[in-house]
J.: 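Please see the structure below; I have some questions.
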Amino acid sequence: MSMNSGGRPGARKYRVWDPLVRITHWGVALGVLLNAALTDPEGTLHEQVGYVVLGLVVLRLLWCIVGPRMARFAAFPPSPAAALAHVRDMLGGDRAVHLSHNPLGALMAYNLWLTLLVLSITGIMMGTVAFFGVEWVEEVHEAAYGWLMVSVALHVGGVLFDQWRTGVPLVRAMIDGRKAVARDRPVK
Amino acid sequence: MNATAGKLLRPGGPDERRAAVLAWMVVIQALCALFFIGDVVFDLYAGDGQAPGHLWLEGFVALVLVFGLGVLIVELRQLLARMERVTASLMAARGEMAEVIEAFFSDWGLTPAERDVALMILKGFDNESIAGIRGRAVGTIRAQSAAIYGKAGVDGRTQLLSLFMEELLAEPE
Ligand code: HEM
């Protein structure tokens, strides 16, 4: 798993995110940005971007089952107990680094995926004859959108915080697939 | 000799490029499959007087796309698994190689400075580069390499390297 070639001296490199994980991540992020800020919510482009985001999320979830070890549900199970333990470890000054998502990050990933599913499914419903103009569908769509914005802010904040805390350039890892971990930090 | 050229599995190496191309194909084909499936479902519900032949054709295309997607996913999965295996055995081999090198160096009684130089010789650096990296005169490095070859009982760089290759490739006794 680890790669020693290149990078900062004193850092081990671990190949963690395969290209499919990275493409789907940045594709989803781009789609969310487009639909939140640029496309006309009534327009077809908004709908089409929504379909693409849904497709990417579904593909990523499929990859959580058939993908390589690091990309699977099993590598970052949703566990509030583990998240709490992780917070305790952090406060206790634990220096270990998680190769996959840390347990808090894992909860955020599931939250983001669920929110995106709710958002795109209600979005599609709003375009169907059966649900056109139905109020609760629109309300759920709006609420999911608000929640997604809060979540994305927390997500990016959390990534930057953990990057600072562990010294592992996480954003770069989402770009080139490798986590560079300082030699004096154990990995989990 | 360029010591970084031709490393197995370096970033951007052939395996990584292949994996990236495959992943892009999986993503694009998944979106196409979704589009056709969505279209079929939509046509089934709307039923707006389209010829059944059209529906069959779309359904067939969707099926072919999904099948192709499955093939691509299996392919990508196998490639990634192989990359992981190669990396794992490379790590194991590196660890063992380091031990073998360490054993030889101790056996020959190299000084710490000679160890550093010998390691760089093994990595393929020439005297000028080693002098540059260590901030010493080329003459110093030349003298140190001569001492290393003397202690190892070889007459030069090539023989030194072949000592280690032999150790790696020999049948275990
Ligand atoms: C705008 C919408 C965004 C969404 C919906 C989103 C969603 C997600 C999701 C679902 C994951 C889990 C990834 C997986 O396992 O496949 C993730 C991970 C990640 N995201 Fe985002 N993301 C967004 C934006 C960003 C931005 C702007 C950045 C850069 C600062 C970023 C950096 C990361 C990183 C570094 C990870 C991996 C974290 C780790 O190492 O555990 N994301 N994101």
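Atoms considered below: every heavy atom in the structure, side chains included; atoms not considered: hydrogens, waters and symmetry mates. Proteins come first, then strands; the chains are lettered A, B, ... in the order of their sequence lines, and each starts at number 1.
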J.: Using a strict cut-off of less than 4.0 Å between a Lys/Arg side-chain nitrogen and an Asp/Glu carboxylate oxygen, indicate whether B:Glu84 and A:Arg69 qualify as a salt bridge.
T.: yes

J.: Knowing that exactly one of B:Val26, B:Leu80, B:Ile73 qualifies, which makes a side chain to side chain contact (heavy atoms under 4.5 Å, CB included) with A:Leu20?
T.: B:Val26

J.: Applying side-chain contact (heavy atoms from CB on, under 4.5 Å) to A:Trp63 and B:Leu76, what does each step give before you reach the verdict?
T.: CA-CA 11 Å; A:Trp63 203 237; B:Leu76 177 57; 3.7 Å; yes

J.: Could you tell me which of A:Ile23, A:Val66, A:Asp18 has the largest number of non-hydrogen atom pairs under 4.5 Å with chain B?
T.: A:Ile23

J.: Identify whether B:Leu161 and B:Tyr149 are in the same connected component of the hydrophobic contact network (ILVMFWY, side-chain heavy atoms under 4.5 Å).
T.: yes

J.: Going hydrophobic residue to hydrophobic residue with side-chain gaps under 4.5 angstrom, can you get from A:Leu38 over to A:Leu119?
T.: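 Yes, A:Leu38 and A:Leu119 fall within the same hydrophobic cluster.
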
J.: Please classify the contact of A:Leu62 with chain B as side chain, backbone, both or neither, using a heavy-atom distance under 4.5 Å.
T.: side chain

J.: Under 4.5 Å between side-chain heavy atoms, hopping through other hydrophobics if needed: is there a path connecting A:Val28 to A:Val150?
T.: yes

J.: Has A:Glu142 got more than 12 heavy atoms of other residues, nucleotides or ligands less than 6.0 Å from its CD?
T.: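 Open.
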
J.: Select all residues of residues 29-41 of chain B having any heavy atom within less than 4.5 Å of some heavy atom of chain A, and report them by number, or 'none'.
T.: B:Ala30, B:Leu31, B:Leu34

J.: Could you state whether A:Leu114 and A:Leu104 fall into the same hydrophobic cluster, counting links through intermediate Ile, Leu, Val, Met, Phe, Trp or Tyr residues with side-chain heavy atoms under 4.5 angstrom apart?
T.: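 The answer is no; the residues belong to distinct hydrophobic clusters.
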
J.: Is there a path of hydrophobic side-chain contacts, each under 4.5 Å between heavy atoms of I, L, V, M, F, W or Y residues, that connects A:Phe76 with A:Val168?
T.: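 Yes, A:Phe76 and A:Val168 fall within the same hydrophobic cluster.
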
J.: Might you confirm whether atom CZ of B:Phe60 has over 12 heavy atoms from other residues, nucleotides or ligands at distances under 6.0 Å?
T.: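 Atom CZ in B:Phe60 is not crowded, with 12 or fewer foreign heavy atoms closer than 6.0 Å.
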
J.: Among Ile, Leu, Val, Met, Phe, Trp and Tyr joined by side-chain contacts under 4.5 Å, find the other residues sharing a cluster with A:Val137 and list them by chain and number.
T.: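 Besides A:Val137, the cluster holds A:Val118, A:Ile121, A:Met125, A:Met126, A:Phe131, A:Val134, A:Trp136, A:Val140.
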
